[in-house]
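So the structure is just underneath, and the comments pick up after that.
Residue numbers run from 1 in the order of the sequence given. This one's a predicted model, so the numbers in the text were calculated from it and none came from an experiment.
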Amino acid sequence: MNLGEARALVRMYINEPKAQTWSDAQLNGIIQEANREVYNRLVSICPQWFASAVQFTWPANTSKINLQTHLDSTGTAIGTTVRVLGVFVLQKIGDLNQDNPPYPMIPKTRISDLYEVKFNNYTVVPSIATSYPSNLSSSITYSYCLLGPDIYCWPVPQTALIISLFRIPTVATPLADGDNLLVPRVITNQTQLFDHHELVPLLAAVKAKTAVGDPDNNLSRIYESRMESSRQSLAIDQQIQNPVQVRGVG
């Protein structure tokens with residue numbers, strides 16, 4: 001579903017077939033807000049649907065970079081991120097394979113933990129150190145810490161690093177009528193979860209009704225019921241992806 005189709009549905013839900021109380025621009029703003037809210041709820045239920053990888057160069061002698069503005073290997077800004085799933089060092093830009101394996105950077109939740117490694121003489125896990133890329137020192141394990149849009153690295157790399165970042169990006173904002181809903185990162189990316197797009201105009205209609213003080217004619221109840229159905233179906237999918245271990249087996 002795209003922005004134009006969603007706006008037509010909103011007008012149907014609020015019983016306004018033509019632009020009278022609401023202009024197209026006003027409804028577009030409400031739909032964009034609903035798109036962000038629905039996206040975030042679906043991400044909390046089934047995050048793997050929106051996860052993606054991006055590769056970029058970490059410049060030498062640089063202790064931090066801003067993920068919102070730093071350019072990836074295609075020249076596009078990495079942008080804002082909902083959650084980082086993993087950060088890896090590569091030998092080169094390109095697909096992961098035997099000739100270009102990912103070497104994990106160690107996540108630190110606190111900045112004090114990140115810089116604490118300097119007291120450990122950079123002790124590393126042998127399985128990582130013995131197979132680190134040839135252009136990197138085998139005596140170093142790189143760690144990272146996220147503070148808002150910034151990612152910090154320690155020790156500071158003396159040569160440029162190729163980084164592969166697995167994350168869940170924020171949702172792209174649909175601006176033109178042909179722009180699809182629930183698209184991660186940039187609007188040209190692949191649309192996800194087509195079966196759940198109706199949630200967006202439903203929520204937008206509730207917001208429109210609420211804004212002018214009109215009764216929503218059970219639209220909010222319909223939206224919550226539809227969201228609960230989505231939650232259950234996506235939770236089942238999540239369980240299939242991560243099966244529960246049977247006690248006493250395996």
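A salt bridge does not link K92 with D99: none of the charged nitrogens is closer than 4.0 Å to a carboxylate oxygen. Salt-bridge annotation for R41 and E224: present, with a side-chain N of the basic residue lying under 4.0 Å from a carboxylate O of the acidic one. Comment: R36 does not engage E33 in a salt bridge, judged by the lack of any side-chain N to carboxylate O separation of less than 4.0 angstrom.
In terms of modelled atom types and a separation under 3.5 Å, the side chain of N100 and the main chain of Q91 share a donor-acceptor contact. Looking only at distances, a side-chain donor or acceptor of S23 sits under 3.5 Å from a matching main-chain atom of Q26. Remark: side-chain polar atoms of D179 are paired, donor with acceptor, to backbone N or O of A176 under 3.5 angstrom. Checked by atom type and distance alone, the side chain of H197 pairs as donor or acceptor with a backbone atom of M1 at under 3.5 Å. No side-chain donor-acceptor contact under 3.5 Å links Q55 to the backbone of L165. Using modelled atom types, no side-chain atom of H196 and backbone atom of V38 make a donor-acceptor pair closer than 3.5 Å. Counting only distance, with no hydrogens or angles, the side chain of S229 and the backbone of S225 share a donor-acceptor pair below 3.5 Å. Using modelled atom types, no side-chain atom of N189 and backbone atom of R185 make a donor-acceptor pair closer than 3.5 Å.
Counting all heavy atoms, side chain and backbone alike, P157 lies closest to W58 at CG-CD1, 3.6 Å. The heavy-atom pair separating L181 from P201 by the smallest distance is CD1-CD, 4.4 Å. Minimum heavy-atom separation, Q192 to F50: CB-CE2, 3.7 Å. L219 and Y13 get closest at one heavy-atom pair: CD1-O, 3.8 Å. Closest non-hydrogen pair, I31 versus L3, comes out as CG2-CD1, 3.7 Å. In this structure, T69 and A77 approach most closely via the heavy-atom pair O-CB, 4.2 Å.
Summarising the geometry, atom OG1 belonging to T210 is positioned 9.0 Å from atom CG belonging to L203; distances are rounded to the nearest 0.5 Å. Between the CD1 atom of I30 and the CZ atom of R7 there is a distance of 12.0 Å, given to the nearest 0.5 Å. In this structure, the separation between CG on L9 and CD on E5 is 8.0 Å, given to the nearest 0.5 Å. The CD1 atom of I222 lies 12.0 Å from the CG atom of L199; values are rounded to the nearest 0.5 Å. The structure places CG of N180 at 3.5 Å from OG1 of T191, a figure rounded to the nearest 0.5 Å. Here the CD1-OG distance, from I163 to S73, works out to 12.0 Å after rounding to the nearest 0.5 Å.
Within 6.0 Å of CG in N61 there are more than 12 heavy atoms belonging to other residues, nucleotides or ligands. Heavy-atom contacts from other residues, nucleotides or ligands closer than 6.0 Å to CD of E228 number more than 12.
Side chains of N2 and P174 form no contact here, defined as non-hydrogen atoms less than 4.5 Å apart. At least one side-chain heavy atom of F166 sits under 4.5 Å from a side-chain heavy atom of F88. The closest side-chain heavy-atom distance from C46 to L193 is not below 4.5 Å. Contact annotation: the side chain of Q48 never approaches that of L234 to less than 4.5 Å [non-hydrogen atoms, C-beta and beyond]. Two residues are said to be in side-chain contact when any heavy atoms from C-beta on lie closer than 4.5 Å; T170 and T81 fail this criterion. Looking only at side-chain heavy atoms (C-beta outward), Y39 and P184 come within less than 4.5 Å of each other. With contacts defined as side-chain heavy-atom distances shorter than 4.5 Å, the pair C145/D113 does not qualify. Residues V84 and L146 meet the side-chain proximity criterion, which asks for heavy atoms closer than 4.5 Å.
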side-chain contact (heavy atoms from CB on, under 4.5 Å) assessment of K64 paired with I151: CA-CA 5 Å; K64 72 169 183 176; I151 181 171; over 6 Å; no
Audit row: L114, Y152, side-chain contact (heavy atoms from CB on, under 4.5 Å) steps and yes/no: CA-CA 8 Å; L114 177 69; Y152 292 75; 3.7 Å; yes
Test log, rule side-chain contact (heavy atoms from CB on, under 4.5 Å), inputs V43 and W49: CA-CA 8 Å; V43 161; W49 278 100; over 6 Å; no
Test side-chain contact (heavy atoms from CB on, under 4.5 Å) applied to I162 and T57, step by step: CA-CA 5 Å; I162 304 300; T57 299; 3.6 Å; yes
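Connection of Y223 to M12 is established within a shared hydrophobic cluster, with ILVMFWY side chains joined at heavy-atom distances below 4.5 Å, either directly or through further cluster members. One hydrophobic cluster, built from ILVMFWY side chains closer than 4.5 Å, holds both L147 and V156. When hydrophobic clusters are built by joining Ile, Leu, Val, Met, Phe, Trp and Tyr residues whose side-chain heavy atoms come closer than 4.5 Å, directly or via intermediates, I45 is not grouped with V183. No chain of hydrophobic side-chain contacts below 4.5 Å, direct or via other Ile, Leu, Val, Met, Phe, Trp or Tyr residues, connects I187 to L42. Grouping the Ile, Leu, Val, Met, Phe, Trp and Tyr side chains by contacts below 4.5 angstrom, directly or via other members, places L85 with L96.
If you look at Y103 and Y142, their ring centroids are not closer than 6.0 Å.
With M105 as the partner, the side-chain contact (heavy atoms from CB on, under 4.5 Å) test is satisfied by one option alone out of S143, S164, C153: C153.
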